[in-house]
Amino acid sequence: MSNVFVIDSYYKPLNPVHPARARLLLTQGQAAMHRRYPFTIILKRVVEQPEVQPLRLKLDPGSNTTGIALVNDANGNVVFAAELSHRGHAIKDSLDSRRAVRRGRRQRKTRYRKPRFQNRKRKKGWLPPSLESRLANILTWVARLCRYAPIAALSQELVKFDLQLLEHPDITGVEYQQGTLQGYEVREYLLDKWERTCAYCGKKNVPLQVEHIHPRANGGTNRISNLTLACEPCNITKGTQEIEAFLKKKPDVLKRILAQVKKPLKDASAVNSTRWALLERLKTFGLPVECGSGGLTKYNRTTRGLPKTHWLDAACVGKSTPDVIVHKGVVPLLIAAAGHGNRQMCSTDKYGFPKQHKQRKKTFLGYQTGDIVKVMTPKGTFEGRIAIRHRPSFRMGKVDIHPKYMRCVQRSDGYAYQQKGVCHAI
Ligand SMILES: [Zn+2]
């Protein structure tokens, strides 16, 4: 099971406990609920010198979803898992719309002005706002989890493949076979270099095989420069032919492949600037940060027989991964970045005419859009995220509810939560 976080009355994180134990503490009145998402209880006493088991927070940053897992390295238990969805494109859209509104406003009733000298400059380490928001989301959650759990180390997937492992002199005749760690690194590297397409026919989204340009049968080596990717039909048709003979009728394809082969190993560091920026900022937490590669993650996941999900990928990041990952009953908390609303006071229709004016206040009767409330109506009890109106009729999903039936469970914090889904473990 996903465990419940526990803090003592001095807000010191203690060992997470099984939900049954948390329920007992709550019903006996020894603890109270501190936070709904992630579920955290606060003890009504101080624990002097608690014996905590250190946990490792593992991250698999992705462009849409970041996997988060809290793993106990000593016994391999996954204590908590989450999947954090970012709002990369929503950020760009809202900045675009802000720009359009501003431009319209500033150009209204003004005389012509000469363009000003561009005296603006971007700071070093500047990232586009959509990427910055992804980083901010991850860092928010690292800080939050550090508050509720005894976290002693961090792990992050930094690169797709380990360049050092590929260039290592001992493995110049690279072992490309599936099943070895180098095999996974090689595959990840090839997938990246050949853009996940068959080199011969250009097909995408098909299972690809590692293919020798100069065939093994004719003395070709396993060197990474002799490898490419091909779909099964192409691989079989080529057989043991030389590439020049095989592509006799397609000289441009031959030219492209030979040019691609000669390209040097691309520097993996340039692949993803956000991940490197994330590493720099994770270091400021003062915890040891371990880095892993995508090839290693895949290798760890496959050797431990785990299905592919974002949170299990996160649990498999890095060399510290325990031999057995115990994840029975763990259901990830789905966290979606929802933003804090916008400042636009007048919304327009698609022609730019004013449609609706916003109220100056963001709250009504103490509620705000994004609050998670418990609703107790005569018809039943349920919980969810609300959107307020400036009259006593709030929206939850597609239902209108009067605030007199509501009790706030958690204040709006810019995220929407979902704790559901099938249990992947059984
Ligand atoms: Zn093909």
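Just so it is clear, the structure is predicted and the values come from calculations on it, not from any experiment. In listed order, ligands and their atoms are each counted from 1.
- Listed by chain and number, the residues in a salt bridge (Lys or Arg N to Asp or Glu O under 4.0 Å) with Asp313 are Arg301, Lys308 (sequence neighbours excluded).
- Residues forming a side-chain contact (heavy atoms from CB on, under 4.5 Å) with Asp349 (at least two apart in sequence, or on another chain): Tyr351, Phe353, Lys355.
- Using a 4.5 Å cut-off on side-chain heavy atoms (C-beta onward), Cys408 and Tyr367 make contact.
- Ordered by chain and number, Cys198 SG, Cys201 SG, Cys231 SG, Cys234 SG make up the set of protein N, O or S atoms under 2.8 Å of the Zn ion (ligand 1).
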Exercise answer: donor-acceptor pairs, residues 117-127 side-chain atoms, under 3.5 Å, sequence neighbours excluded:
none

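- We find the CG-CH2 distance between Leu333 and Trp311 to be 12.5 Å, quoted to the nearest 0.5 Å.
- Surrounding CD of Glu195 are at most 12 heavy atoms belonging to other residues, nucleotides or ligands under 6.0 Å away.
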